[in-house]
Amino acid sequence: MARYSQEVLERLKRETDLPTLVRAKGIELKPHGSDLIGLCPFHNDTTPSLVLSRKDGVWLWHCLGECGSGGDVLEWVMKAEGVSFRHAVELLLNGNGHDAVRAEKIVKRTTVRYLSSPVEATADDVTLLNQVVLGYYHETLKKTPAALSYLEGRGLKSEEAL
């Protein structure tokens, strides 16, 4: 099941160069103090209103104009490519975002098919619960040393208990 740890998400945000992604969409960025500015691609912008700033090692963007959009590199990929959060993470993980910038134009609405669901959409409640519990939580439990040592300390480390 696709769930990303906070560490993976933070690493993506730190290691992905947002100005490179923005420039790949054909947006010219100019220095403005410690920030970069350019025309916002999400509305008809005639004066630069897109601001890119680096805070605590993470690039952030914000439109000071009509659309008021903003966020980090994940929100940029989601908005620019018209994809879901999960798909944006996958794009950034598979090539550090360079797959996400191949198309030169900004996508105004989703054109990419959604990723397949990690659970069966037609399953009943009991089946879905089993898929989540056995598919995600059980696998995560088996891979988490702290949880395993806690269970062992409580005398619950048998295969049956797991």
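Note: hydrogens, waters and symmetry copies are ignored here, and every other heavy atom, side chains too, is used.
Here Y150 pairs with R154 under the side chain to side chain contact (heavy atoms under 4.5 Å, CB included) rule; sequence neighbours left out. For N130, the side-chain hydrogen bond (donor to acceptor under 3.5 Å, both in side chains) criterion is met by no residue, not counting sequence neighbours. Checked against side-chain hydrogen bond (donor to acceptor under 3.5 Å, both in side chains), T127 has the following partners two or more places apart in sequence or in another chain: D124. By the side chain to side chain contact (heavy atoms under 4.5 Å, CB included) test, L29 is found to be paired with P19, V22, R23, I27, L36, L52, residues two or more places apart in sequence or in another chain being considered. Residues passing the side chain to side chain contact (heavy atoms under 4.5 Å, CB included) test with D125: none are found, sequence neighbours excluded. Among residues two or more places apart in sequence or in another chain, the side chain to side chain contact (heavy atoms under 4.5 Å, CB included) test is passed with K143 by E139. Listed by chain and residue number, E15 satisfy the side-chain hydrogen bond (donor to acceptor under 3.5 Å, both in side chains) test with R11 (two or more places apart in sequence, or in another chain).
The same ILVMFWY cluster, assembled from side-chain heavy atoms under 4.5 Å apart, contains both V77 and V89.
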Could you tabulate the donor-acceptor pairs under 3.5 Å formed by side-chain atoms of residues 64-72, not counting sequence neighbours?
unit_1, atom_1, unit_2, atom_2, d
D72, OD1, L74, N, 2.9
D72, OD1, E75, N, 3.2
D72, OD2, K13, NZ, 3.1

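Two residues are said to be in side-chain contact when any heavy atoms from C-beta on lie closer than 4.5 Å; V73 and L21 meet this criterion. No side-chain heavy atom of E28 sits less than 4.5 Å from a side-chain heavy atom of P48. Using a 4.5 Å heavy-atom cutoff, the side chains of K25 and P41 are not in contact.
Between R14 and R54, the shortest heavy-atom distance links the atoms O-NH2, 4.2 Å. When all heavy atoms are compared, the tightest approach of A147 to L141 is CB-CD1, 3.6 Å.
Note that CG of L92 is 5.5 Å distant from CG of L12, once rounded to the nearest 0.5 Å. Between C40 atom SG and H43 atom NE2 the span is 4.0 Å, to the nearest 0.5 Å. Between atom CG of residue L50 and atom CG of residue D35 there is a gap of 10.5 Å, rounded to the nearest 0.5 Å. Atoms NE2 and CD, from H87 and E81 in turn, are 8.5 Å apart once rounded to the nearest 0.5 Å.
In this structure, V58 shares a hydrophobic cluster with L60, the cluster being traced through Ile, Leu, Val, Met, Phe, Trp and Tyr side chains under 4.5 angstrom apart. The hydrophobic cluster around L39 extends to none of the other residues, as no ILVMFWY side-chain heavy atom falls under 4.5 Å of it.
Counting heavy atoms of neighbouring residues, nucleotides and ligands inside a 6.0 Å radius, atom NE2 of H32 does not exceed 12 of them.
Within the 3.5 Å criterion, the main-chain N or O of V8 finds a donor-acceptor partner in the side chain of S5.
Contacts classified as ring-ring contact (aromatic ring centres under 6.0 Å, His included) and involving residues 44-64 (residues at least two apart or in different chains) are given here: F42-W61, W61-W76. The list of salt bridge (charged side-chain N to carboxylate O under 4.0 Å, His left out) pairs with a residue in residues 56-65, not counting sequence neighbours, is empty.
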